[in-house]
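The next block holds one structure in the form of structure tokens; read it before the comments.
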Amino acid sequence: MNIVTWNVNSLRPRLERVRTLLEEHAPDVVCLQETKVVDELFPRDELLEMGYTAEVLGQKTYNGVAILAREPLEDVVRGLDDERFDDEARVIGARIGDVRVLDLYVVNGQRVGSVKYRHKLAWMERLHDYVHERFDPDEKLIVCGDFNCTFDDRDVHDPEAWRDSVPCSEPERDALAQLMSLGLRDAYRRFHEEAGQYTWWDFRTRGFERGRGLRIDHFLMSLSALEACRSVEILHDYRAGEKPSDHAPVLATLAD
DNA sequence: ATGGTCGCGGAGCGA
């Protein structure tokens, strides 16, 4: 099974890039974040022509997640089952065969100490409890998406400049570690140990052109999913060219 | 560099 996670920074202006990705890699599953489209306007027909069905959780202007797949998605879940957080469209999950997938757009957090930062930490704590309650790490479980969090300084182009700042602060990394403690592994690091591997680059500072980015888009896998995993690659080409998202897609390949 | 550029929606916010 080939599975992609991609923060598209709005789906509709990115649809031709999505089409290219589907044609080039023929993924079985695509987890999208920041679709920024209400469900009624989701481009279902265009994606169906490309051979993909979709389960969506949309919202006007902000956020929005969706899972595309070539086969029907089953046991679909939406949100975190918590009214404190479910006014924002950030979580959708489904089962594809024996693989459970949870697609996340984690709260950004703006800056350390802000209301949004505290909201982020509370959101991540709720995510931990939700995964613990609802998912079985003995199954093939893949939790992927835009985590808006780095694991360590290898994921940061200038660790000193980013020290104690979103998305590199210790409380954020601790919250991510808590989630990992449920039995999840950072699948990218199973195959790539080197520093300087990024999935996001700031538009404003022309970060991509300068090679200055962060690794914040992740595949967390349970042990059985990781044992089936054959590769995880960042698709840098999709960050280049005309009208890219500020995130690159990440592609994981699993044996059947 | 507390700037810069996107996307949305039609001003200012979020990232």
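Letters go in sequence order (proteins before strands), and every chain restarts at 1.
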With respect to the phosphate group of [N], does any side-chain polar atom (N or O) of [X] fall under 4.0 Å of OP1 or OP2?
{"X": "A/Thr205", "N": "B/dG4", "value": "no"}
{"X": "A/Lys243", "N": "B/dG7", "value": "yes"}
{"X": "A/Lys60", "N": "B/dG9", "value": "yes"}

[atom1]-based separation of [M] from [N] [nearest Å]:
{"N": "B/dG14", "M": "B/dG4", "atom1": "C1'", "result": "15 Å"}
{"N": "B/dG9", "M": "B/dA15", "atom1": "P", "result": "15 Å"}
{"N": "B/dT5", "M": "B/dA1", "atom1": "C1'", "result": "15 Å"}
{"N": "B/dG3", "M": "B/dC13", "atom1": "P", "result": "15 Å"}

Quickly work out the [X] [atom1] to [N] [atom2] distance and round it to whole Å.
{"X": "A/Leu214", "N": "B/dA15", "atom1": "CG", "atom2": "C1'", "answer": "13 Å"}
{"X": "A/Trp162", "N": "B/dT2", "atom1": "CH2", "atom2": "C1'", "answer": "12 Å"}
{"X": "A/Arg12", "N": "B/dG9", "atom1": "CZ", "atom2": "P", "answer": "7 Å"}
{"X": "A/Glu34", "N": "B/dA15", "atom1": "CD", "atom2": "C1'", "answer": "7 Å"}
{"X": "A/Gln59", "N": "B/dC13", "atom1": "CD", "atom2": "C1'", "answer": "13 Å"}
{"X": "A/Arg204", "N": "B/dC13", "atom1": "CZ", "atom2": "P", "answer": "15 Å"}
{"X": "A/Lys36", "N": "B/dG10", "atom1": "NZ", "atom2": "P", "answer": "15 Å"}
{"X": "A/Gln110", "N": "B/dC13", "atom1": "CD", "atom2": "C1'", "answer": "10 Å"}

Between A/Asn148 and A/Asp202, which has a closest nucleotide on DNA chain B that is more 5'?
-> A/Asp202
Want to settle it: does A/Leu11 or A/His247 sit nearer the 5' end of DNA chain B, counting the closest nucleotide to each?
-> A/Leu11
Does a side-chain N-to-carboxylate-O contact under 4.0 Å join [X] and [Y]?
{"X": "A/Arg100", "Y": "A/Asp75", "answer": "yes"}
{"X": "A/Glu227", "Y": "A/Lys140", "answer": "no"}
{"X": "A/Arg78", "Y": "A/Glu55", "answer": "yes"}
{"X": "A/Asp153", "Y": "A/Arg173", "answer": "yes"}
{"X": "A/Arg126", "Y": "A/Glu133", "answer": "yes"}

Among the nucleotides [options], which one has an atom lying closest to any side-chain atom of [X]?
{"X": "A/Tyr62", "options": "B/dA15, B/dT5, B/dG14", "value": "B/dG14"}
{"X": "A/Pro13", "options": "B/dC8, B/dT2, B/dA15", "value": "B/dC8"}
{"X": "A/Lys116", "options": "B/dT5, B/dG14, B/dG9", "value": "B/dG14"}
{"X": "A/Arg111", "options": "B/dT2, B/dC8, B/dC13", "value": "B/dT2"}

Just checking [X]: base, sugar-phosphate only, or nothing, at a heavy-atom cut-off of under 4.0 Å?
{"X": "A/Thr61", "value": "sugar-phosphate"}
{"X": "A/Arg14", "value": "sugar-phosphate"}
{"X": "A/Phe208", "value": "nothing"}

Do you reckon A/Phe147 sits in the same ILVMFWY cluster as A/Val232, going by side-chain contacts under 4.5 Å, direct or chained?
-> no
